[in-house]
Amino acid sequence: VCGPLEMPPEDRLRRFWRKLKRNKAAVAGGVMLVIYLAGALMAPVLFSASPAAPNLINALEPPSLKDPLGTDELGRSILVRVVYGARVSLLVGLISTLASLAVGIPLGAAAGYFGGKIDDALMRFTEFFQTVPSFALAIVLVAIMQPSITSIVVAIAIVSWPPVARLVRGEV
């Protein structure tokens with residue numbers, strides 16, 4: 001049951017879709033995002049070729065119907081490599097975001113809830129990470145942990161949790 005000035009949830013949803021459909025840039029961006037996600041998720045179904053398997057006979061072919069983006073110097077389809085690369089990018093982004101939320105939300109909530117000395121200590125710890133340039137810290141972390149997807153995820157999570165913690169602290 002809604003109050004006198006509040007819209008029912010289904011009316012809000014209808015209004016949201018109506019406004020979204022009028023924004024052509026948002027619709028175009030949404031369509032591109034859906035295509036990107038669908039291509040990444042269905043890469044093994046869409047492409048039978050391995051993204052890493054060389055085919056020197058087809059090296060440096062220009063774009064064609066068979067390979068819309070052409071091939072690289074080892075004859076690998078650039079389109080196949082881009083689509084398979086999207087899978088890795090989405091995985092890194094998702095896991096590093098979840099990891100930064102898993103660190104930032106509890107720290108920010110604890111700082112905001114308890115206040116006082118606990119808040120001061122947690123926020124000084126957070127500020128320490130914010131004073132170091134994020135890109136430089138991420139490169140150093142990846143270099144220390146040996147370059148791999150796991151080290152990249154950890155580095156991104158470490159440099160991205162402080163803003164989450166500060167935002168949650170302010171809300172709590």
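These numbers were taken from a predicted model, which means no experiment stands behind them. In what follows, residues are counted from 1 in the order of the sequence shown.
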Return all side-chain donor-acceptor pairs below 3.5 angstrom for residues 112-123, not counting sequence neighbours, or 'none' if the list is empty.
from : atom 1 : to   : atom 2 : distance (Å)
D119 : OD1    : R169 : NE     : 2.6
D119 : OD2    : R169 : NE     : 3.4
D119 : OD2    : R169 : NH2    : 2.9

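The shortest distance between side-chain heavy atoms of D67 and I78 does not fall below 4.5 Å. Residues N55 and L74 fail the side-chain proximity criterion, which asks for heavy atoms closer than 4.5 Å. Residues F129 and V159 have side chains not in contact (no heavy-atom distance under 4.5 Å, counting atoms from C-beta outward). For the pair D72/L60, no side-chain contact is recorded, criterion being any heavy-atom separation below 4.5 Å from C-beta on. Between V92 and V88 there is a side-chain heavy-atom pair separated by less than 4.5 Å. Looking only at side-chain heavy atoms (C-beta outward), R87 and P44 come within less than 4.5 Å of each other. Under the 4.5 Å side-chain criterion, counting only non-hydrogen atoms from C-beta, V34 is not in contact with V31.
Panel note: side chain W161, backbone I158; a donor-acceptor pair is recorded below 3.5 Å. Formation of a donor-acceptor pair under 3.5 Å by the R76 side chain with backbone atoms of P54 is not found in this model. Side chain of S151 to main chain of Q146: a donor-acceptor pair is present (N/O by atom type, distance under 3.5 Å, no hydrogens or angles). With hydrogens and angles disregarded, no donor-acceptor distance shorter than 3.5 Å links the side chain of T126 to the backbone of P162.
In the hydrophobic cluster analysis, where Ile, Leu, Val, Met, Phe, Trp and Tyr join through side-chain heavy atoms closer than 4.5 angstrom, L98 is grouped apart from V103. Side-chain heavy atoms closer than 4.5 Å link hydrophobic residues (I, L, V, M, F, W, Y) into clusters, and following such links, possibly through other members, connects L107 to L137.
One finds the CD1 atom of I156 at 11.0 Å from the OG atom of S134 (value rounded to the nearest 0.5 Å). Going from atom CZ of R166 over to atom CD of E127 covers 5.0 Å, rounded to the nearest 0.5 Å.
Nearest heavy-atom pair, A40 versus A86, reported as atom, atom and distance to 0.1 Å: CB-CB, 4.0 Å. Closest approach of Y36 to S89, counting heavy atoms only: OH-CB, 4.0 Å. Scanning all heavy atoms of the two residues, the minimum distance from I95 to V153 falls at CG2-CG1, 3.5 Å. Between P51 and Y84, the closest heavy-atom pair is CG-CG, 3.7 Å. Counting all heavy atoms, side chain and backbone alike, V168 lies closest to A109 at CG1-N, 3.5 Å. Across all their heavy atoms, A157 and A99 have their closest contact at CB-CB, 3.6 Å.
Taking a 6.0 Å sphere around CD1 of I57, one finds it holds 12 or fewer heavy atoms contributed by other residues, nucleotides or ligands.
One finds no salt bridge joining E61 and K66 here, because no Lys/Arg side-chain nitrogen approaches an Asp/Glu carboxylate oxygen to under 4.0 Å.
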